[in-house]
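Step one of this worksheet: look at the structure below.
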Amino acid sequence: MNLQLPYCFCFFLLLQLPFSTNGQAYKNVSLGSYLTAAAAIGDLPWTSPSGEFAFGFQQVGDAGYLLAIWFNKIPERTIVWSANRNNLAQRGSTVQLTADGQLVLNDRSGTRIRNTANLGGSGAAYGAMLDTGNFVLAGQAGDTLWQSFDEPTDTLLPTQNLNSGGELIAPYLEKNYSDGRFKLILQDDGNLVMYTIANPLTTSNAYWATGSSLGSGNMFIQRLLPVAKGGL
Ligand SMILES: *[C@@H]1O[C@H](CO)[C@@H](O)[C@H](O)[C@H]1NC(C)=O
Ligand SMILES: *[C@@H]1O[C@H](CO)[C@@H](O)[C@H](O)[C@H]1NC(C)=O
């Protein structure tokens with residue numbers, strides 16, 4: 001009879017293990033937190049509760065580091081959003097949620113490369129990588145002050161909107177995330193237009209349009225949730 005106890009105990013521990021690891025992996029990004037762009041053993045990225053998405057630096061060959069959000073649970077860490085696709089950060093650069101609640105990208109000497117999020121006057125109280133793939137900066141009351149979903153780069157995730165005036169630009173090549181040759185714009189007149197860009201500096205040609213011009217208004221397109229296969 002006494003032998004039963006350790007077995008039960010071990011079983012209980014095994015049951016607990018996955019939950020406690022998840023609990024440790026996920027926490028809000030608190031003020032003062034930062035990540036450094038580094039080779040091999042860099043900082044762990046900021047992950048969503050399920051671990052599905054991560055926010056941090058991805059090394060792009062020898063060219064530098066992309067501040068990005070990616071699918072974190074598949075072998076090919078597919079990038080869904082990036083902050084500096086045309087201007088990679090060098091090793092030693094940091095992204096920080098500053099004490100006054102601004103999200104900034106600094107180079108290794110501490111010089112600000114850019115404010116990743118424009119929050120206007122008041123800073124955020126915390127940041128969070130959500131399971132939708134949206135990285136948000138929230139105010140004291142949990143209100144969203146900034147979200148990566150408002151600045152789509154080359155992909156729309158389920159529930160994400162492409163708002164009037166918004167655009168998606170294809171990456172240049174598979175492993176080169178610079179602006180590429182295709183651009184999809186939801187024009188202010190409501191027309192959704194695909195452009196080819198022969199040279200990003202010259203004028204481009206529209207080659208496909210929905211012709212959905214409706215005049216101005218609160219036009220947006222949304223990527224819908226896939227039909228649930230149990231999980232969602
Ligand atoms: C994140 O912060 C908010 C607001 O302070 C809080 O309600 C929530 O429980 C926190 N979540 C985690 C996982 O710490
Ligand atoms: C990506 O391609 C562009 C255009 O050829 C080039 O200027 C840039 O340096 C490339 N970036 C990387 C990371 O190779």
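Every number for a ligand or one of its atoms is a count from 1 in the order of the listing.
Per-residue contacts place Asn176 under 4.0 angstrom from the following atoms of ligand 2 (heavy atoms of the residue considered): 1 (C), 2 (O), 3 (C), 8 (C), 10 (C), 11 (N), 12 (C), 14 (O). Close contacts between ligand 2 and Ala63 involve ligand atoms 13 (C) [criterion: under 4.0 Å to a heavy atom].
Pairing each heavy atom of Ile169 with each of Asp154, the nearest pair is O-CB, 3.0 Å.
No donor-acceptor contact under 3.5 angstrom links the side chains of Asp100 and Gln102, judged on distance only.
Stacking of Arg181 on the aromatic ring of Tyr172 is recorded, both the 6.0 Å distance cut-off and the 45° axial limit being met.
Under the 4.0 Å distance rule, the nearest protein heavy atom to atom 9 (O) of ligand 2 falls outside the cut-off. In this structure, atom 14 (O) of ligand 2 is in close contact with the protein, since a protein heavy atom lies within 4.0 Å of it.
Applying the side chain to side chain donor-acceptor pair (under 3.5 Å) criterion to Ser109, with sequence neighbours excluded, gives Asp107, Thr111.
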